[in-house]
Amino acid sequence: MDLTFLLMTLLKIVLICFVFAMILGAILTWGERKLSAVVQDRIGPNRASILGVTALGLMHPIADMLKAFTKEDFVPAGANRFLFAMAPMLAMVPPLVVFAVVPFGPGPDFVIAPLDTGVLFIFAIGGMGIYGATLGGWSSNNSFALLGSLRAAAQMISYEVSMGLNLVGIFMIFGTVSLSNIVLGQGQLLWGWLPMWGIVVQPVAFILFMTASMAENKRAPFDLPEGESEILGYNLEYSSMRFALFFLSEFVEIVVIAAMAATLFFGGWQIPWVDPQGTAGGWITVGQVAAFVGKVVFLCWVQLIIRWTLPRFRYDQVMALGWKYLLPLSLLNIVATAVVLAML
Amino acid sequence: MPTLKIDGREITVKDGTRVIEAADALGIPIPRFCYHPGLPVAANCRMCLVETNRAPKPVPSCHDFCGDGMEVQTATEKVIEARRAVLEYILLNHPVDCPTCDQAGECDLQDQYFEYDHKPSRHAFRKAHKPKARAIGPRVVYDAERCINCTRCVRFCEDIAGAPQLRQIQRGEKAYIDVFPGTELDNPYSMCAADVCPVGALTVRDFRFKCRVWFMKGTQSVCGECSRGCSVRVDTYKNEVQRIVPRHNPNVNQYWACDAGRTAFHSFDEGRLEAARVRGRDTDFDQALDQFAHDLEEALGKGLTPAVILSPFMTCEDAFAAISLFKTKAPGAVYSIGGREDGEADEVLIRADRNPNRAGLKMILDSFGIETAPIKTLHEAAHPVVIAFGYEFEERNYAKMAVQAAQLSAVFASMDVIGDVETYAFPAVSPYETYGTWVNEFGVIQRVRPAVKAPEAAKQARRFIADLAERLGAPLGDASLVGIFGLMTEEIEEFKGLELDAVGPFGIKLWEDAADVEAETDAGGDEAEPEEAAKESGESNKTDSAEEA
Amino acid sequence: MASKAPAAVNGRDRDLHTENLTINMGPSHPAMHGTVRIILTLDGETVVDADPDIGYLHRGFEKMAEAGTWSKVIPYTDRLNYVSPLINNVGYCGAVEKLLDIEITERCKYIRVFISEIARICDHLTAVAASALEVGAFTPFLWAVQAREEFYFLIEMIAGARVTTSYTRIGGLRWDLPEGWQERYEACEKRLFRMMDDIETLLTRNRIFIDRNADVGVMKAKEAVEWGFTGPSLRAAGVDYDVRKAAPYLVYDRLDFDVPIGHKGDNFDRYLVRLEEIRQSVRIIRQVIRDIPEGPVNVDDWRIVLPPKDAVYNTIEGMIAHFELIMKGVQVPKGEAYYAVEGGNGELGFYLVSDGSGRPYRVHVRPPCFALMQGLKDMIIGGMVADIIPTFDSINMIGGEIDR
Amino acid sequence: MTEFASDRVLKRFPEQVIETHRQHGDDTVVVKRDGLVEVLEFLRDEMDFLMPIDVTCVDRLAMADPPEYESDPLHPMLTTQTVPSLGKLDGPRFEVVYHLRSLSRGALVRVKVPVDEDDPVVPSGTGVLKGFNWFEREVFDMFGIRFDGHPDLRRVLLYPEFEGHPLRKDYPRKGYQPRLDMPGLNGDKVPGIKE
Amino acid sequence: MGKLVDRPEPDVMIQSYLPEVWNGMKRVSKHFFANLLMKKGYVTIQYPEQKIDYAPRFRGNHRLMHREDGTVRCVACFLCSTACPADCISIVAGETDNRDVEKAPVKFEIDHLRCIFCGFCEEACPCDAIRLDSGEHRVPAFTRKDEMSGKEDLLSRGGPSISKQGGEFK
């Protein structure tokens with residue numbers, strides 16, 4: 001482990017986790033407001049400015065951040081202060097860590113830690129996210145927050161299962177759990193012309209994965225843990241920066257989901273028919289990284305559009321959906337994949 | 001005793017009763033402008049036309065006497081049309097003045113137009129122009145355009161005030177009321193001339209533009225300007241007295257009151273004593289009373305006899321409470337009655353004695369068997385302890401001298417008139433803020449009610465007498481209005497069998513004497529009214545007592 | 001916190017020892033409009049007991065109304081159901097006119113029908129939009145509010161204010177309809193139908209929405225009648241009752257429209273009934289535009305309506321009538337009357353008592369929400385916490401009306 | 001013309017009905033207090049008046065003679081009394097008013113019950129139609145009339161600590177209520193929670 | 001008989017979630033792209049820079065009208081404060097030197113914290129002196145004192161009155 005490697009890794013961590021994920025997450029807060037506004041025939045955020053530059057309202061995330069920093073950090077009476085302070089961090093860290101294994105471009109240079117067990121790492125770390133919501137709700141000493149955290153725990157655990165099972169088909173097809181290898185695998189062509197992307201070979205798994213991962217992320221239509229009109233959510237008692245962390249973690253998680261979906265189902269950094277092995281270097285590599293970013297942005301957009309289209313489920317309906325529909329369907333998907341693979 | 005039918009209802013009246021009076025007694029509404037129960041009949045407005053079986057065309061009901069077997073219809077088509085026509089005619093030259101007119105709201109023309117005509121104007125010509133807003137007297141303004149020439153004011157000045165100063169001049173649409181050249185409407189009852197005006201032609205200068213009449217609340221009270229004690233209504237707005245108008249009372253003042261009494265309220269808010277004072281320093285009321293009680297007890301212990309100066313502005317209850325306290329605590333006390341000096345009497349209402357309750361005080365003192373010492377010589381005796389009550393000390397020099405001569409003195413007054421010479425000064429309520437009864441010169445007991453709320457520091461006399469009594473160890477018992485009135489009915493001969501609630505708006509005559517005959521002369525009015533009014537008062541009295549308790 | 005709960009809720013036997021949770025839902029809860037508190041006893045997410053507590057917006061309307069003249073009550077009525085204030089105006093003035101025993105002019109009747117239906121559209125739009133909002137769909141809400149905005153502009157054009165309209169007067173109206181009201185209305189209608197199509201695409205056949213609303217908050221017909229339900233909530237239960245048909249007022253008996261009724265009385269039926277009622281209202285307005293006669297809008301009696309300004313400024317007769325009406329108010333003869341109109345949420349009744357003076361002796365409002373709220377308890381017990389919100393919304397309780 | 005419900009009630013309960021009238025077309029029955037439940041049940045069962053519309057009350061106190069706004073005969077605009085008179089009323093002070101509607105008949109009926117001030121109790125109509133529940137609570141809240149047999153007679157619009165019954169005519173228009181202490185608002189310390 | 005509403009049957013299309021979600025997303029995306037690319041659908045008003053015109057009947061800030069000579073048309077008849085349900089107008093009347101007018105307000109104050117803009121004062125005015133048709137809405141202020149509009153303030157928004165003292169046929 002030489003110094004260059006260390007420095008490079010650090011640089012990658014900073015670039016990917018903090019620059020890419022955080023900035024994209026922050027921009028997404030603007031994006032969500034702007035998108036919802038446009039959908040609803042409004043203009044949306046466009047007022048905050050630095051020296052008269054509004055940049056379509058892109059200054060708003062900065063303003064929001066400043067506001068969050070300067071607001072009173074309120075801890076309710078009777079709260080467990082330690083856990084109350086811990087919870088937002090617990091919520092924030094896992095989605096950032098997940099980026100360690102996401103390949104942004106061809107080759108090991110574009111991934112922080114090219115683990116062979118990448119997907120398993122993601123599940124392992126992603127499962128940690130439950131603690132943030134659960135502890136945050138429980139430690140607030142508020143009945144509504146408690147209800148929210150209970151919902152969060154139940155929902156996230158339930159969907160973890162089907163989310164994992166969805167991807168088994170992908171593993172079976174590509175024969176690996178390393179994300180880099182899965183991406184390389186998607187560079188192949190089916191029948192000589194169709195890129196063998198995950199969405200092509202596993203369309204059902206893609207829909208199920210998106211559903212499950214959005215449920216995992218507690219976003220509409222699965223935003224029951226923070227259903228603002230019913231129980232107000234596990235983050236009810238949070239304010240200022242702590243709330244901002246919860247808020248930001250949600251958006252970083254959108255990026256994570258988009259990145260995972262792009263990697264697993266949309267060929268990662270692959271541009272169809274162009275340099276499937278990722279060895280070309282030069283502008284092609286740049287284009288491949290850009291393709292990855294583009295796919296991530298598109299998938300983020302899809303998630304946002306869904307958020308602004310659908311009403312919210314009810315708690316029992318979410319559980320029913322998770323256990324009665326998604327899980328059997330995922331299992332069915334595995335069986336079908338296995339059968340097809342066996343037949344081929 | 002003719003019996004007649006009005007709108008099918010039968011009534012038997014005295015000979016010489018006018019039809020309009022009979023209708024009033026029955027409660028059948030007949031509109032009128034020129035007719036006034038207290039004035040001679042002129043029958044010139046024609047508003048009160050009714051149909052009778054005695055004449056082919058409508059006749060003015062204020063002018064026609066009731067006859068036996070007469071049948072009167074007050075609401076036939078013909079009558080209604082006649083009223084409408086009369087109103088249209090009256091309004092022909094009436095200026096569009098309601099916004100600037102003080103009468104709006106109590107204007108007979110407004111009410112009757114709304115009730116009996118309420119049709120749009122058919123008039124689209126220039127209106128006749130006449131002098132506007134002329135000050136025809138020191139207290140009255142005349143607007144000729146608004147005048148409907150009913151001549152009520154002319155008749156009032158001639159017949160009631162005894163000062164024929166007004167006259168109608170010109171004729172037809174040019175007619176208007178004026179004073180004789182070089183004279184003014186300055187008789188002491190000139191404001192009543194404005195009162196009787198059914199429209200806003202004559203308005204009171206004192207009240208001019210001060211307040212709109214519909215905002216005001218009226219309180220039935222008694223005028224304290226002279227010993228006649230005219231029944232008045234005190235109109236207030238936002239806890240301020242705006243004006244005083246006479247109230248009908250056949251026992252006392254008929255429909256009238258003098259100008260002096262009606263403007264007297266201005267002086268009662270000047271120079272109020274704002275806080276209790278001990279030797280010139282403002283002090284808390286209770287604290288001052290504590291000290292005073294202590295000092296007084298000490299002085300009485302030394303055997304000093306106090307002199308008590310009562311004021312004829314005190315209500316009977318207050319005086320009674322004071323006397324009964326000093327009677328028990330200081331049996332040898334000397335009593336004297338202060339008050340204002342006599343003025344000149346006239347033949348209408350004003351009496352020489354300018355104090356409202358001297359008769360009541362005398363009655364109470366008599367019942368205790370107390371001889372009063374004349375106030376003018378009180379200071380000569382140099383009483384060491386002087387306790388003075390009073391709303392107003394016109395004879396203040398004498399009272400002041402007595403107070404100055406004393407070692408220990410206490411003044412209970414609404415106004416700070418005696419100067420800084422006393423040991424103790426306690427703020428009291430003014431006559432417009434007090435509950436109680438006054439007895440006038442002719443023995444009519446009437447109730448005084450608070451029209452405005454007293455300042456916080458000021459207290460009703462019997463309240464602090466009760467407090468003082470408690471501190472002196474001789475509690476009065478029930479110190480409320482009803483309680484003390486109950487004691488008075490037991491103690492005082494004239495009050496025997498009286499009930500506070502029975503003292504209606506007209507008061508109760510306690511004794512008959514020669515002076516009554518004079519007041520009786522122009523008694524008129526309708527029979528129904530006393531009954532009605534008594535009923536009314538029953539209600540209000542009950543409320544008052546409840547509030548007071 | 002803990003309270004005794006039945007051993008079995010929803011037929012589930014408990015095998016674990018759990019305690020019920022008592023929580024205050026509201027008054028500061030986003031779905032409770034800041035005006036209601038429901039004291040909930042929860043077994044997990046299931047509602048075991050509920051006690052709605054109202055009164056947070058109580059302003060003493062009925063006491064205030066006794067203070068002034070009869071006309072001075074009109075601005076207060078704006079603040080009853082503040083989503084459809086015009087209907088309140090119409091209801092109150094209709095009640096006073098009933099006491100006065102006067103017949104208002106034909107044109108006035110048609111205009112009152114017109115403004116009532118506009119207000120009803122606003123009211124239903126709000127309720128429908130909020131029913132989406134309460135289950136988390138924000139977009140349809142804002143679309144609906146945009147369409148409602150168009151109607152508010154129309155109302156502002158007619159009445160001079162969007163919400164605090166105070167448009168009707170005893171015996172007539174403040175103004176006749178303004179120039180160009182018809183064109184403005186056409187624009188509104190176009191926008192309305194476009195928006196309704198959008199909303200229906202997003203909601204009506206969406207399974208998530210149906211799941212949230214269908215068979216939730218069910219109120220059966222018989223129960224609904226017994227609770228005193230009126231309006232869309234009653235009709236959704238399948239009872240064909242509409243004040244406009246049952247006791248026609250104004251000119252509703254001359255107009256042709258259907259009363260939509262629902263199948264089971266659940267939230268989804270209430271949503272559908274409201275959507276259909278918007279269409280029926282449009283149908284009524286079309287007929288009003290076709291039939292509305294020319295003529296005066298105020299009754300020809302200066303003792304009831306203020307004289308025209310021209311007469312007031314220039315003639316003493318007008319001036320006096322004006323003064324008398326402002327100072328003393330309309331002199332309403334002694335008596336009592338109950339007058340009901342079909343408000344946005346049901347039968348909006350005014351029970352007035354006059355003692356013969358110029359002031360109301362007693363003004364009582366029968367707010368439709370009041371009866372709906374007392375039935376709410378039955379609708380939410382046994383359901384889940386999340387069901388309270390759409391159910392509470394679908395009865396469309398308006399704080400200003402229920403608390404008065 | 002269909003028959004009026006009030007006529008049927010009068011025929012059926014001649015003892016209990018005080019009077020019937022149809023002022024302004026509103027079908028009205030005035031019944032004695034004891035007969036209220038019977039009449040309501042009769043209306044529900046035999047006349048099909050199934051829908052409870054409204055319950056309210058009228059305090060007739062200010063209708064006492066003379067009324068509150070009694071004016072001076074010479075100056076009619078001026079009120080001579082500043083407080084409502086507490087005069088003697090002819091008849092009971094309160095009138096509880098029930099409105100019911102029949103869907104099948106399309107008719108509305110008003111049932112009025114005079115109640116004395118000294119004994120402001122009325123049998124509850126909730127046993128007949130449960131929809132009267134909150135309306136009766138409101139009447140209790142605003143007028144202090146108790147409903148005998150009401151399952152849940154609490155204040156509904158006002159808070160439990162409220163003193164007096166505001167829609168009574170002797171309750172002042174600008175009245176003030178005593179301030180209440182709010183438990184648990186001293187600092188951040190909530191009872192029962194350890195720091 | 002009422003008309004039964006059309007209640008969608010839960011068929012496969014509905015049961016399987018996706019078709020309707022897809023339809024919804026299509027409609028939402030339609031709004032998204034239409035607004036983004038053509039920028040026509042926006043309803044937002046950029047308020048302080050951009051204002052919509054109020055209807056001519058809009059009841060906004062009060063104004064006091066004046067006569068030809070610029071003096072206030074109001075004669076302090078108090079009808080507006082009588083008609084005001086919110087009790088927000090306070091007037092003090094006084095005499096003027098102009099003998100034709102006699103009476104004018106010395107003080108005319110509107111408490112905008114109490115005012116509910118019902119327009120009853122405008123309706124009650126017998127002299128066309130007070131109007132609410134200034135077309136401006138009330139702008140909030142920081143202090144209570146600023147919410148009181150005095151005579152000068154109200155006059156500054158005023159215009160010539162259409163009514164004449166004493167009427168047209170004087």
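So that the names make sense, note that chain A is the first sequence line, chain B the second, and so on, each numbered from 1.
Considering only heavy atoms from C-beta on, C:Asp198 comes within 4.5 Å of E:His31 through its side chain. Considering only heavy atoms from C-beta on, E:Val43 comes within 4.5 Å of C:Arg191 through its side chain. Within the 4.5 Å cutoff, no side-chain heavy atoms of E:Ile116 are placed close to those of C:Thr164. At a threshold of 4.5 Å between non-hydrogen side-chain atoms, the residues C:Gln280 and E:Lys3 count as touching. With contacts defined as side-chain heavy-atom distances shorter than 4.5 Å, the pair E:Arg7/C:Asp266 qualifies. Counting heavy atoms from C-beta outward, E:Arg27 and C:Asp197 have side chains that approach closer than 4.5 Å. Between C:Ile326 and E:Phe120, the closest side-chain pair of non-hydrogen atoms is not below 4.5 Å. Counting heavy atoms from C-beta outward, E:Pro85 and C:Ile74 have side chains that stay 4.5 Å or more apart.
Note: C:Arg205 leads C:Glu156, C:His322, C:Arg205 in heavy-atom pairs under 4.5 Å with chain E. Taking chain C as the reference chain and counting heavy-atom pairs below 4.5 Å, the highest number among E:Val21, E:Leu79, E:Thr82, E:Asp6 is found for E:Leu79. Counting heavy-atom pairs closer than 4.5 Å to chain E, the top-ranked of the candidates C:Ser166, C:Pro260, C:Pro307 is C:Pro260. For the set C:Leu275, C:Val73, C:Asp176, the entry with the most heavy-atom pairs within less than 4.5 Å of chain E is C:Asp176. The candidate with the highest count of non-hydrogen atom pairs below 4.5 Å against chain C, out of E:Lys26, E:Glu123, E:Lys164, is E:Glu123. Ranked by non-hydrogen atom pairs under 4.5 Å with chain E, the options C:Asp78, C:Thr139, C:Thr165 are led by C:Thr165. Counting heavy-atom pairs under 4.5 Å between each of E:Pro56, E:Cys84, E:Ala86 and chain C puts E:Cys84 at the top. Per-residue heavy-atom pair counts under 4.5 Å with chain C were compared for E:Pro126, E:Ser16, E:Ala83, E:Pro8, and the maximum is reached by E:Pro126. Note: E:Ser163 leads E:Gly24, E:Ser163, E:Cys77 in heavy-atom pairs under 4.5 Å with chain C.
With a threshold of 4.5 angstrom between heavy atoms, C:Thr69 does not approach chain E through any atom at all. Interface remark: C:Glu149 contributes no atoms to any contact with chain E (heavy atom separation under 4.5 Å). When heavy atoms are compared at a cutoff of 4.5 Å, C:Arg174 approaches chain E solely by way of its side chain, counted from C-beta outward. When heavy atoms are compared at a cutoff of 4.5 Å, C:Lys309 approaches chain E solely by way of its side chain, counted from C-beta outward. Within the 4.5 angstrom heavy-atom criterion, no atom of C:Asp242 approaches chain E. Heavy-atom distances place the side chain of C:Tyr76, and not its backbone, under 4.5 Å from chain E. Interface remark: E:Phe58 contributes backbone and side-chain atoms alike to the contact with chain C (heavy atom separation under 4.5 Å). Contact annotation for C:Pro178: both backbone and side-chain heavy atoms come within less than 4.5 Å of a heavy atom of chain E. Residue C:Arg79 touches chain E through its side chain alone, counting heavy-atom pairs closer than 4.5 Å. Looking at E:Tyr54, both its backbone and its side chain come within 4.5 Å of chain C, counting heavy atoms on both sides. Heavy atoms closer than 4.5 Å to chain E are found in the side chain of C:Met319, but not in its backbone. The contact between C:Arg169 and chain E is made entirely by side chain atoms (from C-beta outward), counting heavy-atom distances below 4.5 Å. Heavy-atom distances place no part of C:Ala67 under 4.5 Å from chain E, backbone and side chain included. With a 4.5 angstrom heavy-atom cutoff, C:Ile210 touches chain E only via side-chain atoms.
Of residues 127-155 of chain E, those residues lying under 4.5 Å from chain C by any heavy-atom pair are E:Cys127, E:Asp128.
In this structure, CD in E:Gln15 is found 7.5 Å from CG in C:Asp211, a value given to the nearest 0.5 Å. Within the model, atoms CG of E:Leu4 and CG of C:Asp240 stand 10.0 Å from one another, a figure rounded to the nearest 0.5 Å. In this structure, OH on C:Tyr313 lies 5.0 Å from CD1 on E:Ile162, to the nearest 0.5 angstrom.
Taking each heavy atom of C:Ala161 and E:Arg59 in turn, the nearest pair found is CB-NH2, 3.6 Å. Shown here for E:Asn23 and C:Thr201, the closest heavy-atom pair between the two residues is O-CG2, 4.3 Å.
Counted within 6.0 Å of CD on E:Gln50, heavy atoms from surrounding residues, nucleotides or ligands total more than 12; the atom is thus considered enclosed. Within 6.0 Å of CG in E:Asp69 there are more than 12 heavy atoms belonging to other residues, nucleotides or ligands.
Between the side chain of C:Glu276 and the backbone N or O of E:Val5, no donor-acceptor pair lies under 3.5 Å.
For C:Arg207 and E:Glu20, the salt-bridge test fails: no basic side-chain N is under 4.0 Å from an acidic carboxylate O.
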